[in-house]
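Notes to accompany the following structure.
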There are 2 protein chains.
Amino acid sequence: MNIGDVAKRSNLRAKTIRYYEDIGLVTPLRDTNDYRVFRDSDLHKLTFLARARALGFTIDDCRALLTLYADETRASSDVKEITNKHLKEIEAKIVDLQAMHATLSHLAKECAGDHRPDCPILQGLSGEDRNPSNETDTK
Amino acid sequence: MNIGDVAKRSNLRAKTIRYYEDIGLVTPLRDTNDYRVFRDSDLHKLTFLARARALGFTIDDCRALLTLYADETRASSDVKEITNKHLKEIEAKIVDLQAMHATLSHLAKECAGDHRPDCPILQGLSGEDRNPSNETDTK
DNA sequence: ATGCGAGGTTCCAGTAAGGGGAAGGTCAAG
DNA sequence: CTTGACCTTCCCCTTACTGGAACCTCGCAT
C-alpha cells in the first residue's frame, strides 16, 4: 500500500503518517522509487494511533501504548495506569473549562450587548468590582 | 516599576511580560540602564491580560479586548460577541472531553489492571470488538 | 513519444504561548 | 569590593502537526 491508501484507511492524513515515521512510530518499507510501502501491520499500527490520538492520548502515551500492545508479556496494569492518568487530566481540564465557562457566562449575561460602551465583561477583566456591595465606600 | 514588581502584581511571569512586549501588547518605557519601566497603565493592561488569559481567551482575543477596553466609543456588543464565540469553543471542548472520558472510563472499567496481558483498553484501541456478540463466529 | 493530472518525495518554515538557559550588565548592601 | 539578586538580549525547545515549494513518478490519453 502507498501512503494515500493508508491515509484513507487509517483516517490519518498523509502528512501525519510521514510525521509518525519521522518520530519513529512506524517504519514502512521503501520501494525502488522511494515510495513508502506499508504492510498490514503498519496500517494496523496507524489505525491504533488514530484511535488513541482521537481519545486524547499524547504522542508519548501512544508510543508507550503501542509498545505495550506489541508486548505479549505486558501487564494490563501498565495500560490501565496510563489510561487513568489520562482520565485524570481530562477531568482536570473539564473542571477548568467549566470554571471559565461559569465566570464568562455570568459576565456575558450581564452585558447588554448593544451599541453602548458600558460592559460588565470588560469591567470584570479589568478587575473592577461591578457589584461592590460589601466593600467600604472609599470614594 | 521594574519587571519583577509588575510580574508579582500582575500574576504574570517576567518572561511572559517580555513576550507580551515582543508581540506589541504592552510598550513599557526604558530607563537609561535599559531596564523596562512600567507605568500604572502598563500594570493595568497586564493585569487585564492575565485575567483574560486565565479565562482562556487567545492572545488575539486579548488584543481585541484590550483595544475595545481602550476605546471609549466601543459597542458592548463587540465585546459580547468575542465572549460568546469563546464560550461556544469552551462548550465544544467540554463536549469533546466528556466524550473521550466516557469512552476511556468505560474501557478502563473493564480492564483488570493486574499482571496479566489481557486488556480491553488495548483491544478497544486496536479496533477489536471485545464484545462481538452480534458477529458471525469466524474462528 | 508526449503531455497531463494525480500521486509520491524531501526540506523548510510556521503555528500558540511561552519556557529554559546562557552570557553578560546593574544595583544595593555589607 | 564582592556577593547575590535583579535586569538585559539571544537563541533554541516544546506539541503535533500543517502548508508550501521544488521536484520525481505513474498511468493513461493522445
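Each chain gets a letter, A, B and so on, in the order the sequences are listed, and its residues count up from 1.
Nucleotides of DNA chain C nearest to B/Phe57 and A/Ala14 differ in position, and the one nearer the 5' end is that of A/Ala14. Toward the 5′ end of DNA chain C lies the nearest nucleotide of B/Thr58, the other residue of the pair B/Thr58 and B/Thr32 mapping further downstream.
As a whole-Å value, the separation of B/Lys93 NZ from C/dA16 C1' is 11 Å. Rounding to whole angstrom units, OH of residue A/Tyr19 and P of C/dA13 are separated by 18 Å. Between the CG atom of B/Asp31 and the P atom of D/dT8 there is a distance of 10 Å, given to the nearest Å. If you measure from atom CD1 of A/Ile59 to atom P of D/dT18, you get 10 Å, rounded to the nearest angstrom. Here the P atom of nucleotide C/dG18 and the CD atom of B/Glu21 are 15 Å apart, to the nearest Å. In this structure, CG of A/Asp22 is placed 9 Å from P of C/dT10, rounded to the nearest angstrom. Rounded to a whole Å, the CD1 atom of A/Ile23 is 12 Å from the P atom of D/dT18. Between B/Asp60 atom CG and C/dA16 atom P the separation is 7 Å, expressed in whole Å.
Looking at A/Asp42 and A/Arg39, a side-chain N of the basic residue comes within less than 4.0 Å of a carboxylate O on the acidic one, giving a salt bridge.
Residues from residues 1-10 of chain B with heavy atoms under 4.0 angstrom of DNA chain D, sorted by number: B/Asn2, B/Ile3, B/Gly4.
Ring orientation note: the planes of A/Phe57 and A/His86 are tilted relative to one another, at an angle of 30° to 60°.
When all heavy atoms of A/Glu72 and B/Pro117 are compared, the closest pair comes out as O-CB, 3.4 Å.
Distances shorter than 4.0 Å separate some side-chain N or O of A/Arg13 from OP1 or OP2 on D/dG19. The phosphate of C/dA17 has neither OP1 nor OP2 within less than 4.0 Å of any side-chain N or O from B/Arg18. A sub-4.0 Å separation between OP1 or OP2 of C/dG19 and a side-chain N or O of B/Thr16 is present. Put simply, B/Arg36 has no side-chain N or O that comes within less than 4.0 Å of OP1 or OP2 on D/dC7. For the OP1/OP2 pair of D/dC17 and a distance below 4.0 Å, the side-chain nitrogens and oxygens of A/Tyr20 include at least one atom meeting the criterion.
Only one option out of B/Ile17, B/Leu25, B/Thr16, B/Asn11 pairs with B/Leu46 in a side-chain contact (heavy atoms from CB on, under 4.5 Å); it is B/Ile17. Each of A/Val95, A/Ile94, A/Leu87 was checked for a side-chain contact (heavy atoms from CB on, under 4.5 Å) with A/Glu91, and the lone residue meeting it is A/Leu87.
Distance alone, capped at 3.5 Å, is enough to place a donor-acceptor pair between the B/Arg74 side chain and the B/Leu68 backbone. No donor-acceptor pair closer than 3.5 Å links the side chain of B/Lys93 to the backbone N or O of A/Leu97. With hydrogens and angles ignored, the 3.5 Å screen pairs no side-chain donor or acceptor of A/Ser10 with any backbone N or O of A/Thr47.
Counting heavy atoms of neighbouring residues, nucleotides and ligands inside a 6.0 Å radius, atom CD of B/Glu89 exceeds 12 of them. The 12-atom threshold is not exceeded at NZ of A/Lys88, counting heavy atoms of other residues, nucleotides or ligands nearer than 6.0 Å.
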Every protein N/O within reach of nucleotides 22-26 of chain C N/O, cut-off under 3.5 Å:
| unit_1 | atom_1 | unit_2 | atom_2 | d |
| --- | --- | --- | --- | --- |
| C/dG25 | N2 | B/Tyr35 | OH | 3.0 |
| C/dT26 | O4' | B/Tyr35 | OH | 3.4 |

